[in-house]
Structure formats: C-alpha cells, structure tokens
Number of protein chains: 2
Amino acid sequence: MGKGNDHKARFAEDGHDHRRCIAEALETADALCARRGVRLTKLRRRVLELVWTSHAPIGAYDVLRRLSQEHDGAAPPTVYRALDFLREQGLVHRIESLNAFVGCADPAEAHTSQFLICQDCGAAAELQDPAINRALARSAGSLGFLVKDKTVELRGLCAHCRESGA
Amino acid sequence: MGKGNDHKARFAEDGHDHRRCIAEALETADALCARRGVRLTKLRRRVLELVWTSHAPIGAYDVLRRLSQEHDGAAPPTVYRALDFLREQGLVHRIESLNAFVGCADPAEAHTSQFLICQDCGAAAELQDPAINRALARSAGSLGFLVKDKTVELRGLCAHCRESGA
DNA sequence: ATTCAATGGTTATAGTATACTATTACTGTT
DNA sequence: AACAGTAATAGTATACTATAACCATTGAAT
C-alpha cells in the first residue's frame, strides 16, 4: 500500500492482477500473526484466502461451500471460528448490511473503516477517512455517547459501473 | 419534534412517559398514511405499535411472538410484510448491525439517519446530522461513487448508562 | 355487481449464526 | 514416557432471521 494518502482507498482497477492481491494479503497475514504470536493455521489461512477470492464481500456459507470441496466435515462452526479469529486480528471485516465478509486492505493496526459497496459489481472499497470519523465523533460526543464500535456502509454504484451502466 | 435543532436527536429521558411516545407515533403514522393514500391497516398499525414498545430496536421474531398472542396464524411473513410496508413509509428503520427494527422519530419525509445504539440499555437514538452526511458525500464523491443508501450505526454507551455503569 | 390490485393466510424452505459436547494436537513438566 | 494444561478443531444440533410460492379474501373504483 502506498505512502501518503493511505486513507483514500480505491476500487480495484478493472484488469488488475488479483492473484497479487491475494498473495500480498496472505503474506501480510503471515507476518502479522507471526509478530503477534498467534497462529494462522492452515485452516484459518485457507479461509482468509477464500475471503480474498474477490473484492466483493462473501457470505460465510459461500466460504463453507468452497471449503467443503477440499475439507471433509467442514461445518458452519468451522468457518465461523476461522472468521472470528480473522476478525479479531483485523484481517477481515464484516459487512453488516450484507451479512458478508471482506478482506481488510490494511490490517496492520486496528482502525475503523467505512465501506463503499457497489450494488452492481459487488465490490467493496474500504475507506479510512478522518473527516468522517471526526464528524461521527463530534456528533456522538455532543450527546455524551461513548463510541465503542462503528458501522458505516454506503451502498450505490462505483465509478466504473456507473459509467458502463447508465 | 421542535422547530430548530431538529437534527439533534436525544436519547429518551429516563422517566419519560413512553405511552406518549407510542401515541404520538401512531397518530403521526395515521395522518401520514392518510395523506399519502396508503392503508395503515389494523395489522400494520399493531406491528408499528409493537415496534414502538420501547426505544430499543426489536427483532422481527420478538414482534411475531407478541403478535401471536393476540392474532391467530401470525407467521413470519405476516410480520415481515408489515415491516416492509412500514419501512417503505419511513415509519420504521432497520438496524443492520442488530437485525432489528426501531420506530422512526421523524417519519414525515425521507431522510438518511445515523444511529447511536447503547449496548447497555439497548436504546437507539436517531440522528440526522448534516455534518456527517456532508463528510460521507464528500468522501464517496471523491471516488466517483454514487450513493444510493447509507448505514451508519455507532454502538457504545449512552450518557446515562455511562454514568451509572462505570 | 364486477373486477382488479392490494392484503393477508399458510406452508415450506432458504440463509445466517451459535450452543454444546467431544476430540485432537501441541506445550511444558515431572 | 506419562501427565496436565491449553488452543484448536470436529461434530451435532438448534436457534435465529428472512423469503418463496401459492391461495383466499377484501375492498375500492369503475
């Protein structure tokens, strides 16, 4: 990921080499888990890889269907446990409005993100816009509300689908 | 529903007369549906009333359980259909992160809201903060993203629970 | 009165998530 | 080697959330 402007995520380019995305995500995860002394087991790593199949959030049961093809006896808890671990480590995010999961673009440190989700191509872009977080903090603060967790999800059309569609 | 400062919602006061909240919500709904020429049937009205049981979002199946006690043959579709109607009319909102529904504080016109949800007392406060919407619009706009729908939900502790708790 | 669309009843099923119990595998210790 | 402690996984069942599909009824407008 770049140097400046890190908070300004983008939708993946149309013809981008997605195998690179996957490989990078897995490398980063390996390094991160090693550093933290937590175990990115084969199963967890494979689930992470499946989540990274595309930039579109994927349902837990879609992960399960794929996992089942190679892993006898995979059951819902198999997947949910792995996803729970990956979420704790910040490696995947849950998209509440879709009941689905997406790989984290920048898992190095804890953060709150915002998501732009394209209703046409399904892809999700992760933002970390300080201005949004400031506005949220101000509003909550003025009511004396102590924020523990945020969900910010905007659904619509990404620039690319917007052009090709209408 | 004052005049100025309308966008600044509040958590309901501790000892507030909640029967008033319910009565007002139902009156508003009656008037609104009459004006729009849509039918707030007995069933829909009762579901709305059940959603307004408290300021905490309520699950569809909780609504169903209560409805069943007085309405033979109530089934999931009974409730979901009513909730769909109420949502279309802006009378209730869905809280994505809870899979639950809450009465709209100000249903007169379409709007996008933000929610503060207390993890202790369960209550949800609905905000309509232009600053938040501006920040979201700017961020999405800078990526060429066309926003159709927003989910903004902050979970944490309301001022009251914050004091009594810690 | 007739008709057509909206509403609701009924049954079945899809989709999402967790509780609970048991087992395995890896640690360090004796 | 035997053991205990812990983390991870397996396996089963069930809870919870939501929709599909089909039919009967209602009710408002012509």
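Within every chain, numbering begins at 1; the chains are lettered A, B, ... in the order of the sequence lines, protein sequences first and strands thereafter. This is a predicted model, so every value here is computed, not measured.
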Next item on the list: Take the protein atom CZ of B:Arg44 and the nucleotide atom C1' of D:dG27, then report the distance between them rounded to whole Å.
Entry: 13 Å
Next item on the list: Rounded off to whole Å, could you give me the CG-to-P distance for the B:Leu98 and D:dT17 pair?
Entry: 10 Å
Check: CD of A:Glu96 versus P of C:dT16: gap in Å, rounded?
Finding: 13 Å
Notebook entry, point to check: Which of the following nucleotides, D:dT9, D:dA7, D:dG27, is nearest to the side chain of B:Arg39?
Noted result: D:dG27
Notebook entry, point to check: Below 4.0 angstrom from OP1 or OP2 of D:dA18, is there any side-chain N or O of B:Arg94?
Noted result: yes
Next item on the list: Would you say whether B:Tyr61 stacks on D:dT17? The test is a distance between ring centres of less than 5.5 Å and an angle between planes of less than 30°.
Entry: yes
Checklist line | All pairs passing side-chain hydrogen bond (donor to acceptor under 3.5 Å, both in side chains) where residues 76-90 of chain A contributes a residue, at least two apart | finding: A:Arg36-A:Gln89
Next item on the list: For A:Arg65, report the nucleic acid contact type (base, sugar-phosphate, nothing); a contact means any heavy atom under 4.0 Å.
Entry: nothing
Next item on the list: In plain terms, say whether A:Asp30 and A:Arg45 are close enough for a salt bridge, that is, a side-chain N and a carboxylate O under 4.0 Å apart.
Entry: yes
Item checked: Donor-acceptor pair between A:Thr151 and B:Arg155 side chains, under 3.5 angstrom -> yes
Check: Of all the nucleotides listed (C:dG9, D:dA8, D:dA18), which has the minimum atom distance to the side chain of B:Leu43?
Finding: C:dG9
Notebook entry, point to check: Honestly curious: do B:Leu64 and B:Val102 fall in one hydrophobic cluster under the side-chain, below-4.5 Å linking rule?
Noted result: no
Notebook entry, point to check: Does B:Phe11 have its ring centroid less than 6.0 Å away from the ring centroid of B:His55?
Noted result: no
Notebook entry, point to check: A:Asp62 has an atom CG; how far is it from atom P of C:dA17, in whole Å?
Noted result: 11 Å
Margin query: I need the CG-C1' distance between B:Asn99 and C:dT18, as an integer number of Å.
Written below: 14 Å
Margin query: Can you confirm whether the side chains of B:Ser113 and B:Gln128 place a donor and an acceptor under 3.5 Å from each other?
Written below: no
Notebook entry, point to check: In residues 67-92 of chain A, what residues come within less than 4.0 Å of DNA chain D, judged by heavy atoms?
Noted result: A:His71, A:Gly73, A:Ala75, A:Pro77, A:Thr78, A:Arg81
